[in-house]
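Taking it in order: structure first as structure tokens, then the write-up.
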Amino acid sequence: MRNRYLDLLRALAIVRVVVYHVTGWATLTLVFPAMSVMFALAGSLMAASLDRSGPSAVGRRLRRLLPSLWVLAAIFVPAMLLTGLPLTPKVLLWAFPVADPPANYWGALALSVIWYLRDYLWFVFASPVALWLFRRAPWPTLLAPYALLTTIEFGLLPAAPTVLREFGLYFGAWLLGFAHHDGLLRRTANRVLVPAALALGVAGAAWIVTHPGPRGYDLNDIPLGNALWSAAFILVAIGRAPASAAWVDRSAVAGRAVTVLNRRALTVYLWHMPFVVALTPLVDVVGWSHQDPVGLAIRVVLVFALVGAVTVLVGWVEDVAARRPPELFPGEARPVPARGVAAGRPVPAGGAPVPVSPAPAGSGRAALPAPRAPEEHTLKLSAR
């Protein structure tokens, strides 16, 4: 059973990432630390997959992650090779990005979001051992990434590789996803969880204010502040997540949007940045300045429109990767098989199965055909 509240959080996170990259508003990173939320939700899903499938969940997660990247690479890697990217063995990292794949002068920015997949891959590989450790020593395991990041930020590991720094920055959020899946956050009393969130938030805010980055208080430039602030946000937003949120689907439009964004989250994430980069000089030429609210609004609409178009064209790859029937528009209503098929009841030639109403108990009478019910439809929802 899908938790639509978590689906809503993921959808909002994806929208926030796109809007941030179009507008550059640093405030958005503080109001909604989207990347950490996405890693926390992914960690919760990974823990569920490991419980269900064991270590084979690693391969299944990679199978769902990589095909969308391969589609992107099939288009952009040849384009970069034709515009100056040297053909070296490192180009193979575009097939399996355990490190930053090479890019030319324009691809470095247009495809900069690949770092998320790099971190995701490492976190998936680490998850079987991490989940084992977490369930035996939850608090030391949970605190380890934050201790690692603090050590790096205070200069005690000056030559720390990028992957190690990213473990310190985002793996704590991933582990909080483990804590959510295992019910640890839910079982933590408010008298403990709320003060912990407040303490983390205050510590993160203090670090952010005293260590601004080149773009001011943009969390992306302040790793330790980012990790602490995001942990506080996750404790509240996910730690107190409702068990269900049927209200998300009270509006058919809103419910469908949440479904589409969850089913196509990776496609939207991978493709939005190339459009942001491509549109920036074009909209400047016609006078839609990024400093003008109307110009910004036009940019946002154009990026979402282009992302929507490419999602229709290639988003079905996510369905294939997840072994779902491919759809151009996810979440369409599908007919439910008529009742009685599973029970092996006969089907008249050329017709639908005839439901049979049970005879009253002890009546000794044969069961009679029940009136035919109208065709039923349901909204099919599934995991990303």
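In this structure, Trp271 and Leu72 have side chains that are in contact, with non-hydrogen atoms separated by less than 4.5 Å. The shortest side-chain heavy-atom distance between Trp115 and Glu166 falls under the 4.5 Å cut-off. When side chains are defined from C-beta on, Phe39 does not count as touching Leu169, because their heavy atoms never get closer than 4.5 Å. Between Leu45 and Arg10 there is a side-chain heavy-atom pair separated by less than 4.5 Å.
A salt bridge links Asp51 to Arg135: one of the charged nitrogens lies within less than 4.0 Å of a carboxylate oxygen.
For the residue pair Arg60 / Ser53, a side-chain donor-acceptor distance below 3.5 Å is found, with atom types taken as modelled. Remark: the Asn220 side chain and the Arg215 side chain contain no N/O donor-acceptor pair separated by less than 3.5 Å.
Between Phe167 and Phe123, the ring planes are perpendicular. Angles over 60° get that label, and only those under 30° would be called parallel. Taking the six-membered ring where tryptophan is involved, the planes of Phe76 and Trp106 are tilted, since the angle between them lies from 30° to 60°. Relative orientation of the Phe178 and Phe171 rings is perpendicular, given thresholds of 30° and 60° on the angle between their planes.
Note that CG of Leu175 and OG of Ser127 are 8.0 Å apart. Values are rounded to the nearest 0.5 Å.
Annotation: Trp94, atom CH2; neighbour count of heavy atoms from other residues, nucleotides and ligands within 6.0 Å is above 12. Residue Arg191 places its CZ atom among 12 or fewer non-hydrogen atoms of other residues, nucleotides or ligands, all under 6.0 Å distant.
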TODO: Would you please test Leu8 and Asn262 for side chain to side chain contact (heavy atoms under 4.5 Å, CB included) and show each step?
DONE: CA-CA 8 Å; Leu8 176 63; Asn262 274 265; over 6 Å; no

Task: Steps toward side chain to side chain contact (heavy atoms under 4.5 Å, CB included) verdict (Leu131, Met46) - done: CA-CA 9 Å; Leu131 185 60; Met46 188 65 201; over 6 Å; no

Would you give me the side-chain donor-acceptor pairs under 3.5 Å for residues 194-212, sequence neighbours excluded?
| residue | atom | partner | partner atom | Å |
| --- | --- | --- | --- | --- |
| Thr210 | OG1 | Ala206 | O | 2.7 |
| Thr210 | OG1 | Trp207 | O | 3.3 |
| His211 | ND1 | Trp207 | O | 3.2 |

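Applying the side chain to side chain contact (heavy atoms under 4.5 Å, CB included) test between Pro101 and each of Leu93, Leu69, Val91 identifies Leu93 as the sole match.
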